[in-house]
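Below you'll find the structure, written out as structure tokens, and then a few comments.
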Amino acid sequence: MNLYKFVSNSLNKKLGFVANLEIPKNREFGDFSTNAAMVMAKSAGKNPREFAGELLPKISELNFVSDASIAGPGFINIKLKNDFIWESVNQKSDIKNQNPYIIDMDYGAYNVAKSLHIGHLRTSIVGDTLNRIAKFLGHKTISYNHIGDWGRPMGLVIAYIESLHPDWPFFQDNFDLKKIKPEDYKISAAELDNYYPAASARGKEDEDFLNHAREITAKLQNGHAGYNAIYDIFLKVSLDMMDSIIKKLNMMPFDKTLGERNASQNLANLEKILNDKKLLEDSEGAKIVNIRRETDTEPMPPFMFYNSRGADTYEATDLAAILYRKTNDNPDKIWYLTDSRQQLHFKQVFRVAEMLDLYPIENLEHLYFGTINGPGGQPFKTRDGNVAGLTDIIEMVNNAVRARITESEKNLDDKTVEAIALAALKFNDLIHDVKSDYTFDPASVTSFEGRTGPYILYTAVRLNSVLKKSDTKIKNKSMVDITSDERNLLVGILDFERTVQGAFDNRATDILANYAYDLCQLINTFYHNCPILHEDVKADIRAQRLYIAKIAFNTLSSVISLMGLNIPDKM
RNA sequence: GCGCCCAUAGCUCAGCUGGAUAGAGCAUCAGAUUUCUAAUCUGCAGGUCAGAGGUUCGAAUCCUCUUGGGCGCACCA
């Protein structure tokens with residue numbers, strides 16, 4: 001059950017007004033506290049401590065309160081009965097939302113023909129965890145990998161392939177898809193990986209090449225058979241690479257992988273809607289929507305639908321995607337996870353979506369996050385100076401885990417190594433405030449001590465090991481005698497549902513990750529101070545502790561699973 | 001120029017309800033294993049919450065200004 005919610009509701013009902021309920025930072029003050037007396041003293045014309053004295057008897061009457069007292073300037077501290085805590089642990093969950101939302105979640109946004117780099121880490125990991133949290137609370141989510149698959153990079157890559165294989169049929173005037181076997185023209189993932197950087201570099205120094213790429217982009221978008229055929233070949237290679245990363249990161253598969261290419265099919269339709277509403281204007285050869293408002297104090301450039309060369313824009317395809325989602329999913333909300341540099345872009349798109357009565361702006365949320373920097377404060381780079389690739393980073397952490405295992409003379413299989421490494425990588429991302437930039441420090445990500453993913457997994461593994469060794473059937477018996485370590489752990493467990501709800505409400509995975517760490521600290525203290533299977537532990541105490549260990553493990557497992565991690569058998 | 005974000009311990013970060021003595025981890029130092037996994041636990045030390053003013057019974061948190069940093073401001077996605 002959600003202990004906070006229960007206590008808060010009971011307290012409000014008893015007092016007849018909504019009292020602010022807090023969990024004191026210093027736990028010696030009690031399980032909960034309220035500053036209601038201080039908040040209300042002024043309007044009541046009373047001294048806070050005196051007013052608190054009037055509220056105190058009512059609070060003490062609540063049947064789950066063992067002690068309530070006035071402290072400091074007028075806080076009322078509340079301590080719960082041990083029996084109540086013990087029984088609460090068995091109360092059924094009320095976490096499923098009775099009025100669930102349909103939420104379209106747009107994260108990932110991988111690019112065709114460009115390998116994933118560190119910039120894709122947050123959108124993937126945070127997006128996946130928010131998706132899991134939303135589902136856990138009973139909401140219906142539809143995840144979209146809105147892939148970058150239709151712009152100039154495609155033209156550049158095709159132009160580059162043409163320069164390598166000018167004799168391939170895709171580039172001949174008489175190209176006929178029926179006369180070739182696409183499987184004869186192989187492009188490996190490793191080759192494709194090099195094409196875009198090479199093409200991009202060449203485009204910068206070779207104007208003719210760039211113009212040719214632009215021409216190819218336009219022709220590709222207009223249905224040129226040869227370009228579309230070669231595109232389909234490397235699109236497949238790219239989609240396979242994306243799938244492999246999604247599996248490596250233990251993400252849920254995307255419900256839909258539809259990008260700009262798909263959205264662009266809606267553009268003619270969208271253009272008609274914009275024209276019907278008389279929103280589209282010509283400006284310097286481009287077609288735009290003026291979204292500026294009188295009240296704007298910030299720069300608000302127009303929303304560009306077609307650029308002056310007639311090409312589809314980023315804004316146009318994102319707006320078309322909203323139309324697509326409205327038509328196909330009719331979600332209550334659409335969430336976008338991208339980095340903070342795209343705030344203005346989404347503000348523009350959302351304004352036009354509102355002008356078209358697709359969605360009010362409050363139902364379109366841009367959950368932006370900061371950039372990941374290297375230890376120098378600069379964007380994180382590999383040794384060769386390139387933006388670090390995601391596979392390289394995963395490999396780096398894998399190697400560090402292997403080194404650690406060798407050092408401690410353990411023997412763990414590859415699957416376990418990968419699970420531990422993934423925990424290190426993902427937990428490090430989840431625990432940072434989503435909106436802030438953060439420093440990706442390889443030394444600390446691969447240290448595995450303290451507040452890290454491996455610590456979380458280790459706690460679960462060790463606890464589970466005790467549960468597995470126990471040959472008695474674990475049941476909830478009556479409470480015998482409870483130590484403060486056991487009590488603290490139970491109270492921590494009872495904060496789980498509030499935490500998940502809070503993480504959802506704030507769209508903040510760090511709330512969940514910090515809870516995971518706090519819970520593990522409580523578990524480890526309990527584990528250390530409260531022996532379970534030792535011979536000198538009395539049977540009834542053992543039964544009680546086994547039960548606590550079991551529900552602690554269950555709760556921790558839920559948290560670990562929400563973070564998209566797996567618990568190894570041993571480590 | 002206009003706008004958004006940020007500044008907390010040596011380092012990396014919490015403090016997302018304005019509350020009580022500002023908390024963790026790492027690093028340093030001192031301890032704990034005949035004991036269910038030491039990737040653990042316990043303890044010491046470490047602070048002008050960038051600076052100044054204001055609101056409040058109470059400010060790291062809200063407001064104003066200053067300083068320093070990051071990012072964005074139509075044809076790249």
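For clarity, every value in this text was computed on a predicted model and none was experimentally measured. We name chains A, B, ... by the order of the sequence lines, and we start the count at 1 in each one.
Nearest nucleotide to the A/Pro24 side chain, out of B/G19, B/A74, B/A20: B/A20. When the nucleotides B/U37, B/U17, B/U35 are ranked by their closest atom to the side chain of A/Lys469, B/U37 comes out on top. The side chain of A/Tyr517 has B/A24 as its nearest neighbour among B/C4, B/A24, B/G15. With distances taken from any side-chain atom of A/Tyr368 to the nucleotides B/C16, B/C5, B/A60, the minimum falls on B/C5. When distances are taken from the side chain of A/Asn111 to each of B/A77, B/U12, B/G19, the shortest belongs to B/A77. For A/Glu298, whose side chain is taken as the heavy atoms from C-beta onward, the closest listed nucleotide among B/C16, B/G3, B/A20 is B/G3. Nearest to the side chain of A/Pro153, among B/G25, B/U17, B/A77, sits B/A77. Among the nucleotides B/C73, B/U37, B/U12, the one closest to the side chain of A/Pro301 is B/C73. Of all nucleotides listed (B/U17, B/U12, B/C41), B/U12 comes nearest to the side chain of A/Arg451.
A gap of 31 Å separates the P atoms of B/C75 and B/U67, to the nearest Å. The P atoms of B/U40 and B/G54 are separated by 48 Å, rounded to the nearest whole Å. Atom C1' of B/A24 sits at a distance of 10 Å from the matching atom of B/G15, rounded to the whole Å. Look at the C1' atom in both B/G25 and B/A39: the space between them is 14 Å, to the nearest Å. Using atom C1' as the reference point in both B/A60 and B/A22, the two lie 7 Å apart (nearest Å). Annotation: B/U28 and B/C65 have their C1' atoms spaced 41 Å apart (nearest Å). Spacing between B/U56 and B/G19 at atom C1', rounded to whole Å, works out to 12 Å. Comparing the C1' positions of B/A45 and B/G18 gives an interatomic distance of 31 Å, to the nearest angstrom.
In this structure, A/Arg498 is not positioned above the aromatic face of A/Phe496 in the sense of NZ or CZ being under 6.0 Å from the six-membered ring centre and within 45° of the axis. Annotation: cation-pi pair A/Arg462/A/Tyr527 present, NZ/CZ under 6.0 Å from the ring centroid and within 45° of its normal. Both cation-pi conditions hold for A/Lys435 and A/Tyr368: the charged atom is under 6.0 angstrom from the six-membered ring centre and inside a 45 degree cone around its axis.
The phosphate of B/C4 (OP1 or OP2) has no side-chain N or O of A/Lys347 nearer than 4.0 angstrom. Between A/Ser33 and the phosphate of B/A20, there is no side-chain N or O to OP1/OP2 separation shorter than 4.0 Å. Contact annotation: A/Lys410 reaches the phosphate of B/A39 (side-chain N/O to OP1 or OP2, under 4.0 Å). For A/Tyr314, no side-chain nitrogen or oxygen approaches OP1 or OP2 of B/A77 to under 4.0 Å. Listed pair A/Asn524 / B/C41 meets the phosphate criterion, a side-chain N or O lying under 4.0 Å from OP1 or OP2. Between B/A38 and A/Arg462, a contact under 4.0 Å exists linking OP1 or OP2 to a side-chain N or O. A/Arg152 has a side-chain polar atom (N or O) that falls below the 4.0 Å cut-off from OP1 or OP2 of B/C76. Distances shorter than 4.0 Å separate some side-chain N or O of A/Tyr455 from OP1 or OP2 on B/C41. Neither OP1 nor OP2 of B/C13 sits under 4.0 Å from any side-chain N or O of A/Ser436. Checking the phosphate oxygens (OP1, OP2) of B/U37, a side-chain nitrogen or oxygen of A/Ser465 falls inside 4.0 Å.
In this structure, A/Leu412 reaches the bases: a heavy-atom distance under 4.0 Å links it to at least one base atom across the strands shown. Note on A/Ile456: nothing from the nucleic acid sits closer than 4.0 angstrom, heavy atoms only. Within 4.0 Å of A/Met300, counting heavy atoms only, lies no atom of the nucleic acid at all. When heavy atoms are screened at a 4.0 angstrom cut-off, A/Asn35 is found touching base atoms of the nucleic acid. Using a 4.0 Å heavy-atom criterion, one finds that A/Ile511 contacts the bases of the nucleic acid, with or without backbone contacts as well. Heavy atoms of A/Ile532 sit under 4.0 angstrom from at least one base atom. No engagement by A/Glu315 is indicated, since no non-hydrogen atom pair under 4.0 Å with the nucleic acid exists.
The aromatic ring of A/Phe29 sits over the base of B/A20, with ring centres less than 5.5 Å apart and planes inclined by under 30°.
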Checking ring-ring contact (aromatic ring centres under 6.0 Å, His included) for the pair A/Phe350/A/Tyr336: CA distance, chi angles, key distance, verdict?
CA-CA 11 Å; A/Phe350 294 172; A/Tyr336 295 84; 5.5 Å; yes

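Two residues, A/Pro299 and A/Ser308, neighbour RNA chain B, and the one matched to the more 5' nucleotide by heavy-atom proximity is A/Pro299. Heavy-atom distances to RNA chain B give each of A/Phe448 and A/Thr525 a nearest nucleotide, and the one nearer the 5′ end belongs to A/Phe448.
Nucleotide B/U33 forms a pair with no other nucleotide shown, judged by Watson-Crick or G-U wobble geometry with both contacts under 3.5 Å.
Here A/Trp150 and A/Tyr231 bring their ring centres to under 6.0 angstrom of each other.
Using bins of under 30°, 30° to 60° and over 60° for the plane-to-plane angle, the ring pair A/His366/A/Phe346 lands in the tilted bin. A/Tyr324 and A/Tyr144 have perpendicular rings, their planes meeting at more than 60° on a 0 to 90° scale where under 30° would count as parallel.
Ionic pairing of A/Arg404 and A/Glu449 is present here: one or more N-O contacts between side-chain nitrogen and carboxylate oxygen are shorter than 4.0 angstrom.
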